[in-house]
K.L.:
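Structure below; questions to follow.
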Amino acid sequence: MKVVIGERNVLPHKELFLSLLDTADLEFSWHESFDESRLVDDIGDADVYIGGRVTPAMARAGTGLRLVHAVGAGTDKVSTADLPAGTMVANTFHHEDAIAEYVVSSAVMLRRGLLRQDAELRRNNWATSVYRDGLAQPHTLRNAMIGYVGFGHIGRRSAELFAAFAARGCAVTGSGRITEPAGLEWYSNTDELKRLMHESDVVVVSAPLNERTEGMIGAEELSCLGSDGILINVGRGPLIAERDLYESLRDNVIGGAAIDVWYRYPAGGDRAEPSDLPFAQLPNLLMTPHTSGVSAETFVGRVHDVADNIRRLVDGRPLDRIVWPPAGSNPATSVDTV
């Protein structure tokens, strides 16, 4: 069985990954960076592809693919429509601790005005009400309302950390159902999104991106958040209308934002403008390059999950965390032994 690894975040854990798959039945092909043409050439005789990005050309070339395993939760960049019949797509998580730390630390930084204070003090300006008239005293998180747009792994773990600050919580989800409410004061479906934005001091966006959620937060919703409100997006960039977000920050319609997920990404290498709009000029914005979930602990857990599913494939056992084909669309729950 041939396994092609196109996910660079596995490379630091290569030794661990190989130790978990110590079998002569496997052949590994490693790619240090995403190069579509090289991957198209390599994937033709592969049984397994490891990586969260599968272009239409790659999917069509992988005629023997039995499993595509994203090394993360999102599979929106996998061209499932072009995969051969019977190919399964799986995902994995383990990012909730890292992202929750990012969410809470960003909320503190923005709510306390630390970005502005840092920038000002580098110019010898003491931007605090202690020394400057007209500046308001910032608020702590105690009794703050945290609104969650989406309440899965990330929302639940974030709520646990916010609880240590004595913050409150509410949430909206696509279904309006939540398995573990985790002390939320209320939760509903997305019909109550504007209510959530209006009542919240901090809004955490971690919903999945699909045709129903793209652009779900626009100018109207942002205006409901208000000039003291903080927005944190760790889901996908297009969940929030790009220009509406920029203009709301520029015009101080909202107080600030931490944006970890963007509208444009590097096609190769490490350089790309994250948007056509000049977000980098905004003083009330924390910009990070989709790193909220990136930690050694995250990827150690993910490597274990990926290796476990490959062992299951080899043994002919049912796989875990299958997201494609959709549940109920394919009666097969396991694959033949290699």
Side-chain angles (χ1 to χ4, degrees), residues 52 70 72-77 91-107 110 144-163 167-218 220-222 224-225 229-242 244-245 248 254 257-263 286 288 290-294 298 321 323 326-327:
T75 57
D76 49 291
K77 294 183 180 179
N91 68 353
T92 176
F93 295 90
H94 297 283
H95 53 251
E96 51 268 28
D97 285 339
I99 296 180
E101 287 182 5
Y102 173 95
V103 166
V104 173
S105 60
S106 298
L110 292 163
M145 177 63 86
I146 314 298
Y148 301 92
V149 181
F151 200 74
H153 294 76
I154 296 168
R156 284 194 298 272
R157 186 65 182 123
S158 297
E160 291 172 1
L161 295 190
F162 274 118
R168 301 174 295 135
C170 60
V172 295
T173 67
S175 66
R177 298 187 299 271
I178 292 179
T179 305
E180 301 174 33
L184 298 176
E185 292 190 5
W186 65 266
Y187 57 90
S188 184
N189 61 30
T190 52
D191 290 343
E192 298 284 0
L193 177 57
K194 288 183 181 178
R195 174 192 172 190
L196 177 139
M197 301 290 288
H198 178 73
E199 294 185 7
S200 297
D201 299 293
V202 177
V203 170
V204 180
V205 182
S206 62
L209 179 65
N210 54 48
E211 64 278 0
R212 292 181 295 104
T213 60
E214 184 172 358
M216 67 187 301
I217 296 176
E220 289 188 25
E221 289 76 19
L222 292 167
C224 291
L225 182 56
I230 301 300
L231 181 73
I232 302 172
N233 190 4
V234 290
R236 287 290 185 267
L239 292 167
I240 305 173
E242 184 175 7
D244 291 347
L245 173 61
S248 294
I254 65 174
I259 305 299
D260 187 51
V261 286
W262 291 95
Y263 304 93
L286 174 64
T288 50
H290 207 147
T291 55
S292 61
V294 178
T298 296
R321 298 170 304 279
V323 297

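Every heavy atom of this structure was used, including side-chain atoms; hydrogens, water molecules and symmetry mates were not. Please read these numbers as outputs of a predicted model, since none were measured by experiment.
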K.L.:
List the atom of Leu184, the atom of Cys170, and the distance in Å for their closest heavy-atom pair.
P.N.:
CD2-N, 3.8 Å

K.L.:
Please check: side-chain N/O of Thr213 versus main-chain N/O of Pro208, any donor-acceptor pairing under 3.5 Å?
P.N.:
yes

K.L.:
To the nearest 0.5 Å, how far apart are CG in Leu196 and CD in Glu221?
P.N.:
11.0 Å

K.L.:
Go through the steps to decide whether Ile230 and Val203 satisfy the test side-chain contact (heavy atoms from CB on, under 4.5 Å), and finish with yes or no.
P.N.:
CA-CA 6 Å; Ile230 301 300; Val203 170; over 6 Å; no

K.L.:
Taking atom CD of Glu220 as the centre, does the number of heavy atoms from other residues, nucleotides or ligands within less than 6.0 Å exceed 12?
P.N.:
no

K.L.:
Regarding Trp186 and Glu199, do their side chains bring together a donor and an acceptor under 3.5 Å, going by distance alone?
P.N.:
yes

K.L.:
Strictly distance-based, threshold 3.5 Å: is any side-chain N or O of Tyr263 a donor or acceptor partner for the main-chain N or O of Gly237?
P.N.:
yes

K.L.:
Give, for atom CD1 of Ile154 and atom CD1 of Ile232, the distance between the pair rounded to the nearest 0.5 Å.
P.N.:
12.0 Å

K.L.:
Minimum heavy-atom separation for Gly235 to Val261, with atom names?
P.N.:
O-CG1, 3.4 Å

K.L.:
Any idea which heavy atoms bring Leu222 and Ser248 closest together, and the distance?
P.N.:
CD1-OG, 3.4 Å

K.L.:
Test side-chain contact (heavy atoms from CB on, under 4.5 Å) on His153 and Ile99 and set out the steps.
P.N.:
CA-CA 10 Å; His153 294 76; Ile99 296 180; over 6 Å; no

K.L.:
Keeping Thr173 on the side-chain end and Gly176 on the backbone end, is there a donor-acceptor pair under 3.5 Å?
P.N.:
yes

K.L.:
Measuring from Arg177:CZ to Ser188:OG, what's the distance to the nearest 0.5 Å?
P.N.:
12.0 Å

K.L.:
Would the distance check show the side chain of Glu192 and the main-chain N or O of Asn189 forming a donor-acceptor pair, the cut-off being under 3.5 Å?
P.N.:
no

K.L.:
Kindly indicate whether a cation-pi arrangement holds for Arg236 with Trp262, taking the cut-offs as under 6.0 Å to the six-membered ring centre and within 45° of the axis.
P.N.:
no

K.L.:
With respect to Val205, which candidate in Val234, Leu231, Ile259 satisfies the side chain to side chain contact (heavy atoms under 4.5 Å, CB included) definition?
P.N.:
Leu231

K.L.:
Grab the two heavy atoms, one from Gly150 and one from Ser206, that are nearest each other, plus how far apart they are.
P.N.:
O-OG, 3.5 Å

K.L.:
Determine, step by step, whether Arg168 and Ile146 satisfy the side-chain contact (heavy atoms from CB on, under 4.5 Å) criterion, reporting the C-alpha distance in whole Å, the side-chain angles of both residues, the deciding distance to 0.1 Å, and the verdict.
P.N.:
CA-CA 6 Å; Arg168 301 174 295 135; Ile146 314 298; over 6 Å; no

K.L.:
Which atom pair, heavy atoms only, marks the closest approach of Ala70 to Thr92?
P.N.:
O-CG2, 3.6 Å

K.L.:
Of the non-hydrogen atoms in Gly293 and Thr298, which two are nearest, and what is the gap between them?
P.N.:
O-OG1, 2.9 Å

K.L.:
Tell me yes or no: between the side chains of Asn91 and Thr75, is some donor less than 3.5 Å from an acceptor?
P.N.:
no

K.L.:
Any side-chain heavy atom of Asn233 within less than 4.5 Å of one from Asp260?
P.N.:
no

K.L.:
Applying side-chain contact (heavy atoms from CB on, under 4.5 Å), run through Arg157 and Asp97 and close with a yes or a no.
P.N.:
CA-CA 7 Å; Arg157 186 65 182 123; Asp97 285 339; 2.7 Å; yes

K.L.:
Measure the spacing between SG of Cys224 and CZ of Arg195 and express it to the nearest 0.5 Å.
P.N.:
12.5 Å

K.L.:
Would you call the rings of Phe151 and Tyr148 parallel, tilted or perpendicular if under 30° counts as parallel and over 60° as perpendicular?
P.N.:
perpendicular

K.L.:
Quick check on side chain to side chain contact (heavy atoms under 4.5 Å, CB included): which of Lys194, His198, Met197 does Leu225 satisfy it with?
P.N.:
Met197

K.L.:
Ignoring hydrogens and angles, tell me if any N or O in the side chain of Ser105 forms a donor-acceptor pair with the backbone of Tyr102 under 3.5 Å.
P.N.:
yes

K.L.:
Does NE2 belonging to His290 count more than 12 external heavy atoms closer than 6.0 Å?
P.N.:
yes

